[in-house]
A.B. asks: 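A single structure is presented below for examination.
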Amino acid sequence: MILVTGGAGFIGGNFVLDWLANPQAEGLINLDKLTYAGNLDTLKSLKDDPRHLFIHGDIGDRVLVKRLLEEHRPRAIINFAAESHVDRSIHGPSDFVQTNIVGTFNLLESVREYWNALAEPSKSQFRFHHVSTDEVYGSLGPHDPAFTETHTYEPNSPYSASKAASDHLVRAWFHTYGLPVLTTNCSNNYGPYHFPEKLIPLVILNALNGKPLPIYGDGQQIRDWLFVGDHCSAIREVLAKGKLGETYNIGGWNEKANLDVVKTICQILDELKPRADNKAYIEQITFVKDRPGHDRRYAIDASKVERELGWRPNETFETGIRKTVQWYLDNPIWVEGVASGSYRDWLHKQYD
Ligand code: NAD
Ligand code: TYD
C-alpha cells in the first residue's frame, strides 16, 4: 500500500484518481482532514473500489498516524496535505503554521518511528515524498532565469514561508536521521476538481455566472502553469526513480501573464458556451486591488527531472486549459457541491 495525505484536495484528489485508474496499482490509504478544501465528491467514483481506504484525520495526529502506519504498513507516503491558498494565508496565517509546519513535523516524527522499526528490504525501499511549491523561491524579475533546484529560498507570503519551513524539515530529517525522502517543487497547477477560489476555476465559474472576473493589480504577474495530470505523472516518476534526498522542480514550461490567462479562458468560453446576449466574456474583466506582497513572476526550470528521470509534461497551456474549461462545463453537479455556504462567505470576505 501507499499512504497519501490530502487526497481529497485538488492535486491529491487527482493523484488518487489517476493512481487507481491503473488496474495493477496497489491500494491506497487517503488521510485527509477535510478542511474547506477537502471534497469527498471528487472521490465519488471510488465508492466501490476496495483499494481506496479513506481516513478522516489530521497529519499532525500522532496517535492516529502511528496506528495507520502499523496497521497498513505502507511502502511509501506522499504528503500533499497543506493549507494552500496565498490569499487565505494573508487573512489568517495561523492554520498555515499549524498544518504546513507543525503538521509536517509531527508527520515526519510518526514516519521516522515507523521507518526505524522496519526490517530490510522494506526499510531501504521506503520513501517519504513531500509535495511543495515553486513559491518558496520567491519572485523573479522579468529577465531572470527560471528557478532551478539550487535557487535560494526567499518566500514572501505566509503560505510560501510555511511551505519553505516544511521543506527544510524534510531535508533535515534526511540529513540527520537518514529518512529516505524526496521533494518536488512544482509551479501553479490547474485542471479538473480545482476549488474555485484559485484564479482559473474562479474565472471560469464567474464568467458563466455573469459575475466580474477579478484581476489583481495590472494583471501582468506571471505564473508557470502545469496541468494537474502532468504533475501527477511527475510524482509517480520521482517516487519510482528519484534519488534519495534530492529535490526536483516540476513545471509546465508555460509562463503566462494573469491577464492573458483570463483572456484565453474568455475566448474558449465564447466558443464553447457563448453568452446569452452574444457579447464577449472579456467584458466581465474587472481590475481590483492588488494582493499585498504579490509575487511578480514564477518560472520553473524543469530540466533536471527531464535529464535525470526522463519526465516532460504532455500538455501545453492551450491543450490543458481547453480540457479544463470543458471539464467545468461538463461537471455542474461537482461545481454546485463546492459553491456552497462557506465558499460564498470567502468570496464576500475577499472581493466585496
Ligand atoms: P488543496 O488546498 O486543494 O488541498 C489540500 C488538502 O489537504 C485538502 O483536502 C485538505 O482537507 C487537506 N488538509 C489540510 N490540512 C490537513 C491536515 N492537517 N491533515 C490532513 N489533511 C489536511 O491543495 P492542493 O492545491 O491540492 O495542493 C496540494 C499540495 O501541493 C500542497 O502541499 C500545496 O502546497 C502543493 N502545491 C500546490 C500547487 C497548486 O497550484 N495548487 C502548486 C504547488 C504546490
Ligand atoms: P492563485 O490561483 O491564487 O495562485 P498563486 O497565488 O498560488 O499563484 O493566483 C494565481 C495568480 O492570479 C496570482 O498572481 C494572483 C492572481 N489572481 C487574480 O488576479 N485574481 C484572483 O481573483 C485570484 C484568485 C488570483
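Whatever order the structure lists them in is the order used to number ligands and atoms, beginning at 1.
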A.B. asks: Measuring from atom 40 (O) of ligand 1, which candidate in Thr5, Asn189, Val102 has the nearest non-hydrogen atom?
C.D. replies: Asn189
A.B. asks: Per the ring pair (Phe, Tyr, Trp, His ring centres under 6.0 Å) rule, what does the pair list look like for residues 228-278, sequence neighbours excluded?
C.D. replies: none
A.B. asks: Please could you name the atoms of ligand 2 that Glu197 approaches to less than 4.0 Å, counting only its heavy atoms?
C.D. replies: 24 (C)
A.B. asks: Judging by distance only, is a nitrogen or oxygen of Arg223 under 3.5 angstrom from one on ligand 2?
C.D. replies: yes
A.B. asks: If you measure every N/O of Arg291 against every N/O of ligand 2, is any gap under 3.5 Å?
C.D. replies: yes
A.B. asks: List every atom of ligand 2 that sits less than 4.0 Å from any heavy atom of Leu202, numbering the atoms from 1 in the order shown and giving each element.
C.D. replies: 22 (O)
A.B. asks: Counting only nitrogen or oxygen atoms and a 3.5 angstrom limit, does Ile215 reach ligand 2?
C.D. replies: no
A.B. asks: Ligand 2 versus Asn188, non-hydrogen atoms closer than 4.0 Å: side chain, backbone, both, neither?
C.D. replies: side chain
A.B. asks: Search all heavy atoms of Asp32 against all heavy atoms of Gly7 and return the closest pair with its distance.
C.D. replies: OD2-N, 3.3 Å
A.B. asks: Any side-chain donor paired with an acceptor under 3.5 Å for Asp167 and Asn185?
C.D. replies: yes
A.B. asks: Give yes if a backbone or side-chain nitrogen or oxygen of Tyr36 is under 3.5 Å from a nitrogen or oxygen of ligand 1, and no if not.
C.D. replies: no
A.B. asks: Tell me whether Gly7 reaches ligand 1 (any heavy atom closer than 4.0 angstrom to a ligand atom).
C.D. replies: no
A.B. asks: Nearest protein heavy atom to atom 31 (C) of ligand 1, by residue and atom, and its distance?
C.D. replies: Phe80 O, 3.2 Å
A.B. asks: Check the pair Asn258, Gln221 against side-chain hydrogen bond (donor to acceptor under 3.5 Å, both in side chains), reporting the backbone distance first and the verdict last.
C.D. replies: CA-CA 6 Å; Asn258 292 339; Gln221 301 82 6; 3.3 Å; yes
A.B. asks: Before accepting this row, confirm whether a basic side-chain N of the pair Lys33/Glu83 lies closer than 4.0 Å to the acidic partner's carboxylate O.
C.D. replies: no
A.B. asks: Taking only Lys NZ, Arg NE, NH1 and NH2, and the carboxylate oxygens of Asp or Glu, determine whether Asp260 and Arg223 approach each other closer than 4.0 Å.
C.D. replies: no
A.B. asks: Is any side-chain heavy atom of Phe126 less than 4.5 Å from a side-chain heavy atom of Val111?
C.D. replies: yes
A.B. asks: Are the charged groups of Glu318 and Lys256 less than 4.0 angstrom apart, N to O?
C.D. replies: yes
A.B. asks: What is the closest protein heavy atom to atom 25 (O) of ligand 1, and at what distance does it sit?
C.D. replies: Phe10 CD2, 3.7 Å
A.B. asks: Taking distance alone, with no angle check, do Thr99 and ligand 1 share an N/O pair under 3.5 Å?
C.D. replies: yes
A.B. asks: Please walk me through it: do Gln98 and Ser94 pass side-chain hydrogen bond (donor to acceptor under 3.5 Å, both in side chains)?
C.D. replies: CA-CA 6 Å; Gln98 200 51 43; Ser94 167; 5.9 Å; no
A.B. asks: Please indicate whether any nitrogen or oxygen in Glu135 is less than 3.5 Å from any nitrogen or oxygen in ligand 2.
C.D. replies: yes
A.B. asks: Using a 4.0 Å cutoff against the non-hydrogen atoms of Lys198, which atoms of ligand 2 qualify?
C.D. replies: 2 (O), 3 (O)
A.B. asks: What protein heavy atom sits nearest atom 33 (C) of ligand 1, and how far away is it?
C.D. replies: Tyr159 OH, 3.5 Å
A.B. asks: With the threshold set at under 4.0 angstrom, would you say Ser187 reaches ligand 1 through any of its heavy atoms?
C.D. replies: yes
A.B. asks: Among Tyr216, Phe195, Tyr190, which one has a heavy atom closest to atom 25 (C) of ligand 2?
C.D. replies: Tyr216
A.B. asks: Can you tell me how the ring of Tyr137 sits relative to the ring of Phe147, calling it parallel under 30°, perpendicular over 60° and tilted otherwise?
C.D. replies: tilted
A.B. asks: Just verifying a value: how many Å separate Asp270 CG and Ile265 CD1, rounded to the nearest 0.5 Å?
C.D. replies: 12.0 Å
A.B. asks: Taking distance alone, with no angle check, do Asn39 and ligand 1 share an N/O pair under 3.5 Å?
C.D. replies: no
A.B. asks: I want to know if ligand 1 touches Glu83 in the polar sense, i.e. an N/O pair below 3.5 angstrom.
C.D. replies: no
A.B. asks: Quick check: does Gly9 get an N/O under 3.5 Å from an N/O on ligand 1?
C.D. replies: yes
A.B. asks: Taking 4.0 Å as the limit for heavy-atom contacts, which would you say applies to Asn100 with ligand 1: side chain only, backbone only, both, or neither?
C.D. replies: neither
A.B. asks: Students should be able to answer this: which protein heavy-atom is nearest to atom 5 (C) of ligand 1, and at what distance?
C.D. replies: Ala82 O, 3.4 Å
A.B. asks: Tell me the protein heavy atom at minimum distance from atom 1 (P) of ligand 1, and give that distance in Å.
C.D. replies: Ser84 OG, 3.5 Å
A.B. asks: For the 3.5 Å polar cut-off, considering only N or O atoms, please tell me whether Leu199 and ligand 2 meet it.
C.D. replies: yes
A.B. asks: Does any N/O atom on Gln221 come nearer than 3.5 Å to any N/O atom on ligand 2?
C.D. replies: no
A.B. asks: Using a plain distance cutoff, I'd like to know if Ile11 has any nitrogen or oxygen under 3.5 Å from a nitrogen or oxygen of ligand 1.
C.D. replies: yes
A.B. asks: Which ligand 2 atoms does Tyr351 reach within 4.0 Å, using its non-hydrogen atoms?
C.D. replies: 21 (C), 22 (O), 23 (C), 24 (C)
A.B. asks: Which residue from Lys256, His85, His294 reaches closest to atom 14 (O) of ligand 2 through any of its heavy atoms?
C.D. replies: His294
A.B. asks: Less than 3.5 Å between some nitrogen or oxygen of Thr35 and one of ligand 1, yes or no?
C.D. replies: yes
A.B. asks: Is Glu135 salt-bridged to Lys163, going by a charged N under 4.0 Å from an acidic O?
C.D. replies: no
A.B. asks: Which residue and non-hydrogen atom of the protein lie closest to atom 20 (N) of ligand 2, and at what distance in Å?
C.D. replies: Pro214 O, 2.8 Å
A.B. asks: Taking 4.0 Å as the limit for heavy-atom contacts, which would you say applies to Lys163 with ligand 1: side chain only, backbone only, both, or neither?
C.D. replies: side chain
A.B. asks: Any salt bridge linking Lys123 with Glu120? Criterion: basic side-chain nitrogen under 4.0 Å from a carboxylate oxygen.
C.D. replies: no
A.B. asks: Are Thr247 and Lys304 linked by a side-chain donor-acceptor pair shorter than 3.5 Å?
C.D. replies: no
A.B. asks: Is it the side chain (CB and beyond), the backbone, both or neither of Tyr298 that lies under 4.0 Å from ligand 1, heavy atoms counted?
C.D. replies: neither
A.B. asks: With respect to Asp134, determine whether any N or O atom, backbone or side chain, lies less than 3.5 Å from an N or O atom of ligand 1.
C.D. replies: no
A.B. asks: Would you please determine whether Phe195 falls within less than 4.0 Å of ligand 1 on a heavy-atom basis?
C.D. replies: no
A.B. asks: In terms of residue, atom name and distance, what is the protein heavy atom nearest to atom 16 (C) of ligand 2?
C.D. replies: Asn258 ND2, 3.4 Å
A.B. asks: Tell me whether Asp58 has any N or O atom under 3.5 angstrom from an N or O of ligand 1.
C.D. replies: yes
A.B. asks: For a side chain to side chain contact (heavy atoms under 4.5 Å, CB included) with Val181, tell me which candidate from Val170, Ile77, Asn79 qualifies.
C.D. replies: Val170
A.B. asks: Is it true that Gly60 lies under 4.0 Å from ligand 1, counting heavy atoms only?
C.D. replies: no
A.B. asks: Check whether any N or O atom of Cys186, backbone or side chain, sits under 3.5 Å from an N or O atom of ligand 1, and answer yes or no.
C.D. replies: no
A.B. asks: Given Lys198, Glu197, Lys33, Gln98, identify the one with the heavy atom nearest to atom 16 (C) of ligand 1.
C.D. replies: Lys33
A.B. asks: Given Ile59, Asn14, Asp32, which has its nearest heavy atom closest to atom 12 (C) of ligand 1?
C.D. replies: Asp32
A.B. asks: Tell me the ring pair (Phe, Tyr, Trp, His ring centres under 6.0 Å) pairs involving residues 9-36, sequence neighbours left out?
C.D. replies: Phe10-His194, Phe15-Trp19, Phe15-Phe80, Tyr36-Phe195
A.B. asks: Is the closest N or O pair between Tyr298 and ligand 2 shorter than 3.5 Å?
C.D. replies: no
